[in-house]
Number of protein chains: 2
Amino acid sequence: MATIHDVARLAGISRTTVSRVLNCHPYVAEEKKQKILNAMKQLNYVPNSSAQRLRKVKTDTIAVFVPRITNPFFSHLVEVMENEAAMYGYQLILCQTQYSKKQEVKFLELLRTKQVDGVILTSIENEWRHVQPYVNEGPIVICNEYDDEAHVPSIFLNQVEGGYLGTKHLIERGYKKIAYCAGSERRSRLTRDRRKGYELAMKETGLDINEDWYQYNAISIEDGKKVFHRIKALKNRPEAIFTGSDEVAAGLLKAARDSGWRVPEDLAIVGFDNQPLAELLGLSTVKQPIEDMARHTMQEMIRAIQGKDHKKVTNLSFTLIHRTTT
Amino acid sequence: MATIHDVARLAGISRTTVSRVLNCHPYVAEEKKQKILNAMKQLNYVPNSSAQRLRKVKTDTIAVFVPRITNPFFSHLVEVMENEAAMYGYQLILCQTQYSKKQEVKFLELLRTKQVDGVILTSIENEWRHVQPYVNEGPIVICNEYDDEAHVPSIFLNQVEGGYLGTKHLIERGYKKIAYCAGSERRSRLTRDRRKGYELAMKETGLDINEDWYQYNAISIEDGKKVFHRIKALKNRPEAIFTGSDEVAAGLLKAARDSGWRVPEDLAIVGFDNQPLAELLGLSTVKQPIEDMARHTMQEMIRAIQGKDHKKVTNLSFTLIHRTTT
DNA sequence: TTGTAAGCGTTATCAA
DNA sequence: TTGATAACGCTTACAA
């Protein structure tokens, strides 16, 4: 493997000047530049990036944390982030926390050991005080989630709005007994706010909320099925349900139909995200502007790496998509 | 940021010995080891991985190529690969080729610039002769795809079987006019073999194949819808269709129903992969052992990095899952 | 406009 | 069992 030294020797020019050509410095005579470029081509030279990293203290690599990449919401985020990162010459390291605090911390060490220039969190498992120390090691940007303690660039949506929008839609369609179903039990701002939106819409309309109608820890399709069976077992059943994801809504829908229920007549369902699945199943859903979030996040990350101050927190909005489950 | 030098100084011991502790070398006095460990803790020391990379010529990083991470087949592969890699202390760099030859080559450069220890290809855009030169730069392992020219560890399924299984199922359910729908048009072994399986099943039973029944370039849900409309426009319509993915099958199903067709009465559909979506929609499908493939692939990769010779190409098998679309 | 020389933080070699 | 010392391949003052 040819090194910068070999190139310099073959071209009869110093290593410094070769490095200058590599880094597009000004002040290199065109003639020598050509000689060097020739030598590089001849030796099939490529700079050794480990050496560059060490010297420049820069990895051109960004870590993206997601719970699991098979969750379509997160894979969509990551898809766009990777494309965006590649445009700016950055690579993405995929970190699946698997909803584990321990895994999350393990991956945060990447920042401390200088394996990445920055970390993007799309979901946060630990309380912020456990993440905070890593802020000194390099830029951390939050996407989707948010935390009041976290004073780092954050790209998120006002989830009060999201919860409100979905619930309001159900109310407008005439449902009165509306259940609420959320993802993680963890007291994140996101979860709290979305629920706040639900309660706001209910109270605003003077509708009662039954404690039994709160369902938590629903993330996957299977979880959705379980939620249905819990609801089915209630004495005071809701007529409609707001869910935190299209997967959960899909599971609910499947289990309901398998039990002979008609949707939306026996139970109306609203999903969240507007994934391809939602269209296929005819799920009414609250659409999140995933691509915009991902793009903004990556841009903030790159700004942060470049030491620029971050722009005001972006605030994008939701859209309700009405299909056949409401 | 503390360096090995600081630790050595604080412990009053040489850098060499500190490095020995770091690398779990034998021959370090327990007493000194403790002193060093203390100093490390006190200084909050972590080794600088850029320096380690440079010195060890090892990155502990593996690149995984997929067309797009939002394709559930590939995200499932990547999920398992990442988990497996993490277990062995490796990180994954996500490379989305976006079905582009150019992108693929760009990412292959990661191997040449020593940014990764190896590359896993889950789909191949370029002809093998364009990939071949990179084999000298580091281990390349193929997963899912395969190529006769490629003499590298390859983990794949016998797609003749897959095509045969799905088609045979349709035949056994009594369909005679069966169409065939495949992903990329590129003449990959995978595509050719799966088609071979289809033709084998048809010929074996003495069934005719109409040239119009071959549909290509179908990857996404949207593609599936298009395929339906092409089929609908045929004079000699098939009664059933074998598709190369659950997404395409889902698109077909949706478009068919939107056009008022009954499935399977007016058109039977077989998918491929057995993704969550397949269960939700009641799609009959050919299940691939994705997790096994991913795990085997990562193990082969790690063996290859360690310079071990690779085991015989693994050969796993398909299962047919019968639901309601056939 | 170019070159010399001094690191960046590790680890491998060799001698003690 | 330990420590000096020389790399690994590159960039960047500084000097010319």
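Order of the sequence lines sets the chain letters (A, B, ...), proteins ahead of strands, with each chain counted from 1. Predicted model only: the values in this text are computed from it and were never measured.
Within 4.0 Å (heavy atoms only), A:P26 reaches no atom of the nucleic acid at all. Using a 4.0 Å heavy-atom distance criterion, A:V57 is classed as making no nucleic acid contact. Residue-level contact check: A:V21 touches neither bases nor backbone, having no heavy atom under 4.0 Å from any strand.
Listed pair B:T3 / C:dG9 fails the phosphate criterion, with no side-chain N or O lying under 4.0 Å from OP1 or OP2. Distances shown here put every side-chain N or O of B:T16 at or beyond 4.0 Å from the OP1 or OP2 atom of D:dG3. Between D:dG9 and A:Q52, no contact under 4.0 Å exists linking OP1 or OP2 to a side-chain N or O. Phosphate contact (OP1/OP2 of C:dT10, side-chain N/O of B:Y45, threshold under 4.0 Å): present. For the pair B:N23 and C:dT11, the criterion of a side-chain N or O lying under 4.0 Å from OP1 or OP2 is met.
Rounded to an integer number of Å, the gap from B:R55 CZ to D:dT5 P is 16 Å. Rounded to a whole Å, the CZ atom of B:R9 is 16 Å from the P atom of D:dG3.
Here A:E30 contributes atom CD and A:L37 contributes atom CG; the two are 8.0 Å apart, rounded to the nearest 0.5 Å. Annotation: the span from A:H76 atom NE2 to A:E291 atom CD amounts to 4.0 Å, rounded to 0.5 Å.
Nearest nucleotide to the B:K56 side chain, out of C:dT1, D:dA13, C:dT11: C:dT11. Distances from the side chain of A:L22 to the nucleotides C:dT10, D:dT2, D:dT11 place D:dT11 closest. Comparing D:dG3, C:dG9, D:dG9 by their nearest atom to the side chain of B:T17 picks out D:dG3. Of the candidate nucleotides D:dA4, D:dA7, D:dT11, D:dT11 has the atom lying nearest to any side-chain atom of A:S19.
Between B:A51 and B:K32, the residue anchored closer to the 5' end of DNA chain D is B:K32, taking for each the nucleotide with the nearest heavy atom.
Donor-acceptor pairing under 3.5 Å, judged by distance alone, is absent between the side chain of B:R15 and the base of D:dA4.
Each end of the helix from C:dT1-D:dA16 to C:dA16-D:dT1 gets its own rotation axis from five pairs of C1' atoms, and the angle between them is 30° to the nearest 10 degrees.
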